Amino acid sequence: MGRLFDAISSSNQLENHTMNVFLTRLLFCFFADDTNIFPKQSFSQLIKNHNIHNLESLPKLLSDFFTILNLEESSSERAKYPAHLTTFPYVNGGLFAEVLDVPNFTPRTYRILLDCIDLDWSEINPDIFGSMFQAGINPEQRSTLGQHYTSVKNIMKVIQPLFLDKLYEELEKIKLLKDIKEKNKRLSALLQRISEIKIFDPACGSGNFLIIAYKELRKLEIEIMKAMSENLSMFSHIHLDQFYGLEIDDFACEIARLSMWLAEHQMNMLFEKELNFYQPTLPLKNSGRIHCRNSLRENWLVFVPRQSADDEVYIIGNPPFGGTNNRTAEQSKDMGQVFSGFRIFKSLDYVTSWFWKGANYIKDSNAKLALVATNSICQGEQVAVLWKPIFNLGLSIHFAYQAFIWANNARDQAAVHTVIIALSAENFYPKFIFKEKGDELFLTKVKNISPYLFEGSNLFIENRLTPLSSNVSKIYLSNVPRDNNNLFLEKEEFDYLSKIEPRVIKYVRRVIGGDELLNSRLRYCFWFKDESLDELNRIPIVREKLEKIKEFRLSSTREGTVSQFTTPHLFSEIRQPEKGNYILIPSPSSERRPYIPIDFLDSQIIAINSFMIPNATLFEFGIITSEIHNDFVRVVTGRLESRLRYSAKVVYNNFPFPEVDDIQKAHIEQLAEDILLTRADYPAMTLAQLYNPETMPEPLKQAHQTLDRAVEKLYRDKPFSDAAERVAFLFQRYEELTKKAV
DNA sequence: CATCCGACAGACC
DNA sequence: GGTCTGTCGGATG
């Protein structure tokens, strides 16, 4: 089909929309041929019978053919067309309403068309073919669309807990009724109810969510009808116009509409098979209320109107994600409109726009929402910014899927971790937290779901510039080079330079980022702080590197970087401690480790990609490496996919350190030192190996556990039973401390 | 002026 | 080609 598209567009000058509609019509006809929608005549024959030497008349034939499909069978207009066309039925549904410029066919494109016709279209699965098709057609979308495609499994995670499970529960309850009359009455009422449900996907793409939701409601309807013993309805009560979609891409929109018809036809066939009532597919009804619009610039109430606040509306979908560095100018403008009136919002992901608009749609109503999102909206700096205003609308999270790996057809392990979050104005009890571990699914019923998607209060940890706890050392982000790697030296280059240009060696320092710290890698960098640029430029090797840095900085889109082209010998940001030791905390670091590995370093060693606590004490080391601190990190910190990304403003500065006297402090310091000494017993192991759960030496585990218990005891005498209890305790402490501060 | 993030990126087996 | 785990620099507040 991609070949057909390429062939047609290379030999024709058609508008995008025209091309999209034309291909959609062809697809419908292929499908109609193979599934008996065209009972008397076949489109394939019509095309195949056409004389290949007379291709210039093909557009006229197709154009007439499209007109016929748009003419009611009783219409006198039909008589004006040849007999082999008028045996085709009236299709309607808007698919053939528009008068189209039909493209010309070359012998080559005609052959490709015949190849397409010969495929078996009856087997196509409308829930997935849209995305496949779209990816195959649109060159610039070929690379990205596969990633946005939502599998049926993932769609079910959204719609089952949102409404499907409850409807089936209701059906099962009714089935148990003894009184036949009452039972039938209740079944009719349920039928009526599902015929009034509205499903809305505000970023519907090619319609996956709408199609699956439609099919599932039709299946439920069949079950309801089977349970009825009288007044059996002979037709389906569920209509495509209960399904609403907004989609910015015109082609995706056309495909979504088409897919809804295909799904309807398939469900009609199932309906007939299960209940023995024939459902005519033609003429097509309104194919859902799917509009090609920028969802974020529209008032959703106009597209999905409500008779009253009691209407049963479900907003579902998987809107696009886009972090601050990954948005188009247009998308940033969208966010400006959606979050107008917000003082801070630009650090939010693009996907949160749909949450905020959705939250405003469902507030004070019976409408509910469940959307897929990147896990970053429930971690780190975004949490307070987004969830505070949402909860202030009187909404709560009534079910959630904790972060899971996004699986798609492109790659098994996708490049993002996702969550599913459902919001409603109704305060359900219990609320459900779903957690996937491998192939297993765990369900916890809880009283409240925190914005971090754990059981707990609606407390948010806000960005804080200085430590909440007094008498704690300040933490700093490490140095930032912005040098395009020109100030750095690997071990080999360092050795080489030592030989050929020994006068630069005095400027070289060891440099440590997460990688070097954890894996004991040796890496060096030029540290030209306090050196004269003119002097440095006299050394050819250095001069060459500095030229490259100058060029790199000048080409940056970041103003601050550009202005530093005059100081190419310096790191872009320098915060290196002048003397003494500092604690280095890598960011990020694997979540598999029971503790984030941290270490003391000499100030001569330059830090990058991490956090530094200059002049830190063993006490601070002990607290940061303790289990309770790591528990806190796991809940609140931002993550790189699932990796823990330590942070200053979210984690360290908000962590309620325990209050201690000198004796208690000395005790912690001694236990912290024990850890360092135990590590030193394994000089051949890297920190990554020492803290790998599979290779962590038993004595080191012991030393940590001893420290863990001692730190816990500083908070309260009674031991905690698990991480959840420790974090709940810390949150409470945080709340008290922040209240006091006001 | 300092920090957080990545519908990732790149190394390693 | 899976699997594992952290670079780097822009945008932001």
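So you know, we letter chains A, B, ... as the sequences are listed, proteins then strands, and number each from 1. Bear in mind the structure is a predicted one, so any value in this text is a computation, not a measurement.
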Atom pair distance, as rounded to whole Å: [atom1] in [X] and [atom2] in [N]:
X	N	atom1	atom2	answer
A:L517	C:dT5	CG	C1'	14 Å
A:E573	B:dC4	CD	P	12 Å
A:E559	B:dC1	CD	C1'	14 Å
A:D349	B:dC5	CG	C1'	10 Å
A:Q564	B:dA2	CD	C1'	13 Å
A:I377	B:dC4	CD1	P	19 Å
A:E641	C:dC4	CD	C1'	10 Å
A:L477	C:dG10	CG	C1'	14 Å

Exercise. DNA chain C: A:L640 or A:S555, which has the more 5' nearest nucleotide?
Worked result: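 The residue closer to the strand's 5' end, by nearest nucleotide, is A:L640.
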For this session: By nearest nucleotide on DNA chain C, pick out whichever of A:K649 and A:R645 is the more 5' one.
Result: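 Looking at the nearest nucleotide for each, A:R645 comes out on the 5' side.
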Can you see if the side chain of [X] gets near the phosphate of [N] - specifically, an N or O under 4.0 Å from OP1 or OP2?
X	N	answer
A:N326	B:dG6	no
A:T374	B:dA7	no
A:R482	C:dG10	yes
A:R343	C:dT12	no
A:N463	C:dG13	no
A:N325	B:dG6	no
A:S572	C:dG9	no
A:T561	C:dG10	yes
A:S376	B:dG6	yes

Could you tell me whether [X] contacts a base, only the sugar-phosphate backbone, or nothing, with contacts defined as non-hydrogen atoms closer than 4.0 Å?
X	answer
A:D483	sugar-phosphate
A:R593	sugar-phosphate
A:Y350	nothing
A:V351	nothing
A:L518	sugar-phosphate
A:F488	nothing
A:R575	base
A:G513	sugar-phosphate

For this session: Mind checking the OG-CZ spacing from A:S376 to A:R645? Nearest 0.5 Å is all I need.
Result: 9.5 Å
Problem set entry | From CG (A:D599) to OG (A:S610), nearest 0.5 Å |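 The distance works out to 11.5 Å.
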If you check every side-chain atom of [X], which of [options] has the closest atom?
X	options	value
A:V416	C:dT5, B:dA7, C:dT12	B:dA7
A:R592	C:dT12, C:dG10, C:dT5	C:dT5
A:I608	B:dT3, C:dC8, B:dC8	C:dC8
A:F611	C:dT5, C:dT7, B:dC4	B:dC4
A:N609	C:dC8, B:dA2, C:dG9	C:dC8
A:T557	B:dA7, B:dC4, C:dA11	C:dA11
A:W406	B:dC12, B:dT3, B:dA7	B:dA7
A:S647	B:dC4, C:dC8, C:dA11	B:dC4
A:I344	C:dA11, C:dG13, C:dG9	C:dG13
A:T324	B:dA7, B:dC4, C:dT12	C:dT12

Exercise. Taking the same atom, P, in B:dT3 and in B:dA7, what whole-Å distance lies between them?
Worked result: 23 Å
Problem set entry | Between B:dC4 and B:dC8 - C1' atom distance, rounded Å |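 Their C1' atoms lie roughly 15 Å apart.
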Exercise. Which nucleotide, in any strand shown, forms a Watson-Crick or G-U wobble pair with C:dT7, with both distances under 3.5 Å?
Worked result: none
Exercise. In the strands shown, is C:dT12 matched to any nucleotide by a Watson-Crick or G-U wobble pair with both distances under 3.5 Å, and which?
Worked result: B:dA2
For this session: Keeping the roles fixed (side chain from A:W387, backbone from A:I377), state whether a donor-acceptor pair exists under 3.5 Å.
Result: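 Side chain of A:W387 to backbone of A:I377: a pair is present.
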For this session: Not counting sequence neighbours, which residues clear salt bridge (charged side-chain N to carboxylate O under 4.0 Å, His left out) with A:K545? List them please.
Result: A:E493
Exercise. If you measure only the distance, is there a donor-acceptor pair under 3.5 Å linking the side chains of A:E381 and A:S347?
Worked result: no
Report yes if a donor N or O on one partner sits less than 3.5 Å from an acceptor N or O on the other, where the partners are the side chain of [X] and the base of [N]; otherwise report no.
X	N	value
A:R327	B:dG6	no
A:Q382	B:dC4	no
A:D515	B:dA11	no

Exercise. Does any non-hydrogen side-chain atom of A:V480 lie less than 4.5 Å from one of A:F571?
Worked result: no
For this session: Report, as yes or no, whether the 6.0 Å neighbourhood of atom CD on A:E551 holds more than 12 heavy atoms from other residues, nucleotides or ligands.
Result: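 No - once you tally the heavy atoms of other residues, nucleotides and ligands closer than 6.0 Å, there are 12 at most.
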Exercise. Would A:E694 and A:R592 pass as an ion pair if we require N to O under 4.0 Å?
Worked result: yes
For this session: Would you please classify the geometry between the A:Y401 ring and the A:F434 ring as parallel, tilted or perpendicular, with 30° and 60° separating the classes?
Result: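 Rings of A:F434 and A:Y401: parallel, under 30°.
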Exercise. DNA chain B: A:R558 or A:S347, which has the more 5' nearest nucleotide?
Worked result: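 Taking each residue's closest nucleotide, the earlier one in sequence belongs to A:R558.
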